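Quick caveat: nothing in here was measured; it's all calculated off a predicted structure.
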Number of protein chains: 2
Amino acid sequence: MSNRKECCRSLSQWLAPDTFKALAEPSRAALLIHMAGNDGPHTVSSLATHLPVDMSVVSRHLRVLREVGVIKAEKHGKEVRLHLDCGDLIRMLRNLADALESCCPPDVCSVKETS
Amino acid sequence: MSNRKECCRSLSQWLAPDTFKALAEPSRAALLIHMAGNDGPHTVSSLATHLPVDMSVVSRHLRVLREVGVIKAEKHGKEVRLHLDCGDLIRMLRNLADALESCCPPDVCSVKETS
DNA sequence: TGCATGCATGCACTAGTATGCAAATGTAAG
DNA sequence: CTTACATTTGCATACTAGTGCATGCATGCA
């Protein structure tokens, strides 16, 4: 079925290892959750106070998140202000969900109700 | 705003590190994509022929995918038949997307159109 | 110009993980 | 019971990634 092959291409397109790897780290997830739940402005040091790790570690985590495009950074004087920018991520998640849904035969991969 | 706090809880609920870690590995992603694009039955050895790694490695990858619930396995004689079961994954992806969307202020985190 | 602040980076260390090979387990067939 | 086949597991190795400390770099201020 060409539909299967079509969805297969979609899957490889949206199943982005780098993004998932970025989200898979507990500290990075905590950073995202904190930024989502608290209004900014967020800086590297302010974020570091909420995590039990060194600021340099937070800096590196933020870099990873920036590289996959989940957060954006802009310099304001000597501090860096960070904010979520999860539009692409949201689109990616939904596209991946759609691709999976059109791939998986419903009898095998039950989307509705608890299987 | 209590809406922000509410979505924050949703985020921590759906931002499951284990699942993302499972999906972040290229070989595991390739396994999922192959299983999605080709009808079964899939066995450990048949899947191993499509990857440049040892069968034992494939076996371990499949174990990880089973542990996060994206594939199911059932023994048929001496072989193990595997199939996708991504209903939970699809729900998780959509819930996470919804949580992110309700978290991110639209002016900061543009969901519609390319920002 | 000198100093303090915020952040990034180099380095060493550690923990976790992927990999391949060989051996063990389980299961069906002779 | 022995053999053959599919899969899993033990073990050793290589590689990747997270961490903390010290240092470097940029910026603002006195």
Side-chain angles (χ1 to χ4, degrees), chain A residues 12 15-35 38-85, chain B residues 12 15-35 38-85:
Chain A
S12 20
L15 207 47
D18 285 342
T19 303
F20 283 116
K21 199 177 298 183
L23 299 177
E25 220 285 325
S27 297
R28 286 194 286 265
L31 284 171
L32 289 183
I33 292 172
H34 181 263
M35 292 178 71
N38 301 85
D39 285 320
H42 302 288
T43 65
V44 180
S45 16
S46 77
L47 290 170
T49 62
H50 296 92
L51 286 184
V53 295
D54 195 74
M55 183 179 60
S56 64
V57 175
V58 173
S59 173
R60 275 184 271 248
H61 280 315
L62 291 171
R63 174 185 170 85
V64 174
L65 292 174
R66 245 186 305 123
E67 283 172 349
V68 297
V70 188
I71 66 176
K72 289 287 183 293
E74 43 179 321
K75 294 203 66 169
H76 267 248
K78 52 188 171 186
E79 70 183 12
V80 175
R81 297 192 186 162
L82 303 140
H83 60 85
L84 280 180
D85 183 17
Chain B
S12 18
L15 208 46
D18 285 342
T19 303
F20 284 116
K21 199 176 300 182
L23 299 178
E25 220 286 325
S27 297
R28 285 193 287 264
L31 284 171
L32 289 182
I33 292 171
H34 178 77
M35 292 179 70
N38 301 84
D39 286 321
H42 303 288
T43 66
V44 181
S45 17
S46 77
L47 290 170
T49 61
H50 296 91
L51 287 184
V53 296
D54 195 75
M55 184 176 59
S56 65
V57 175
V58 173
S59 172
R60 273 184 271 249
H61 280 315
L62 291 172
R63 175 184 170 85
V64 173
L65 292 174
R66 246 186 304 125
E67 283 172 349
V68 298
V70 283
I71 67 176
K72 291 286 183 292
E74 43 178 321
K75 297 203 64 170
H76 268 248
K78 50 188 172 187
E79 69 184 12
V80 175
R81 296 193 186 161
L82 303 139
H83 59 85
L84 280 179
D85 184 15

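Within 4.0 Å (heavy atoms only), Arg28(A) reaches sugar-phosphate atoms of the nucleic acid but no base atom.
Of the residues in residues 20-27 of chain B, those placing a heavy atom less than 4.0 Å from an atom of DNA chain C are Lys21(B), Glu25(B), Ser27(B), in numerical order. Of the residues in residues 48-56 of chain A, those placing a heavy atom less than 4.0 Å from an atom of DNA chain D are Pro52(A), Val53(A), Asp54(A), Ser56(A), in numerical order. In the region residues 58-70 of chain A, proximity to DNA chain D at under 4.0 angstrom, judged on heavy atoms, holds for Arg60(A), His61(A).
If you take CG on Leu32(A) and OG on Ser12(B), they are separated by 11.5 Å, rounding to the nearest 0.5 Å. Taken from CD in Glu67(A) to CD1 in Ile71(A), the straight-line distance is 10.5 Å, to the nearest 0.5 Å. Rounding to the nearest 0.5 Å gives a distance of 13.5 Å between CZ of Arg66(B) and NE2 of His61(B). To the nearest 0.5 angstrom, Arg63(A) atom CZ is 12.5 Å from Arg28(A) atom CZ. Distance check: Leu82(B) CG to His42(B) NE2 gives 8.5 Å after rounding to the nearest 0.5 Å. To the nearest 0.5 Å, atom NE2 of residue His50(B) and atom CD1 of residue Ile33(B) are 13.5 Å apart.
Between Asp85(B) and Val70(B), every side-chain heavy-atom pair lies at or beyond the 4.5 Å cut-off. Looking at Arg60(B) and Ser56(B), their side chains come closer than 4.5 Å, going by heavy atoms from C-beta outward. Considering only heavy atoms from C-beta on, Phe20(A) comes within 4.5 Å of Leu15(A) through its side chain. The shortest side-chain heavy-atom distance between Thr43(A) and Val80(A) does not fall under the 4.5 Å cut-off.
For the pair Val68(B) and Ala22(B), the tightest heavy-atom approach, listed with the atom from each and the gap, is CG2-CB, 3.8 Å.
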Would His34(B) and Leu47(B) satisfy side-chain contact (heavy atoms from CB on, under 4.5 Å), going step by step from the backbone distance to the final call? CA-CA 8 Å; His34(B) 178 77; Leu47(B) 290 170; 3.5 Å; yes
Can you give the dot-bracket line for DNA chain D, using ( ) for pairs inside the strand, [ ] for pairs that cross earlier ones, | for pairs with another strand and . for unpaired bases, where Watson-Crick and G-U count if both distances are under 3.5 Å? ||||||||||||||||||||||||||||||
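Annotation: of the two residues near DNA chain D, His76(A) and Ser45(B), the 5′-most nearest-nucleotide partner is Ser45(B).
Not a single side chain to side chain contact (heavy atoms under 4.5 Å, CB included) links Lys78(A) to another residue, sequence neighbours left out.
For the pair Lys72(B) and Glu74(B), the salt-bridge criterion is not met [side-chain N within less than 4.0 Å of a carboxylate O].
The nucleotide range of DNA chain D contacted by chain A, defined by atoms under 4.0 angstrom from heavy atoms of the protein and reported 5' to 3', is dA17(D) to dG28(D).
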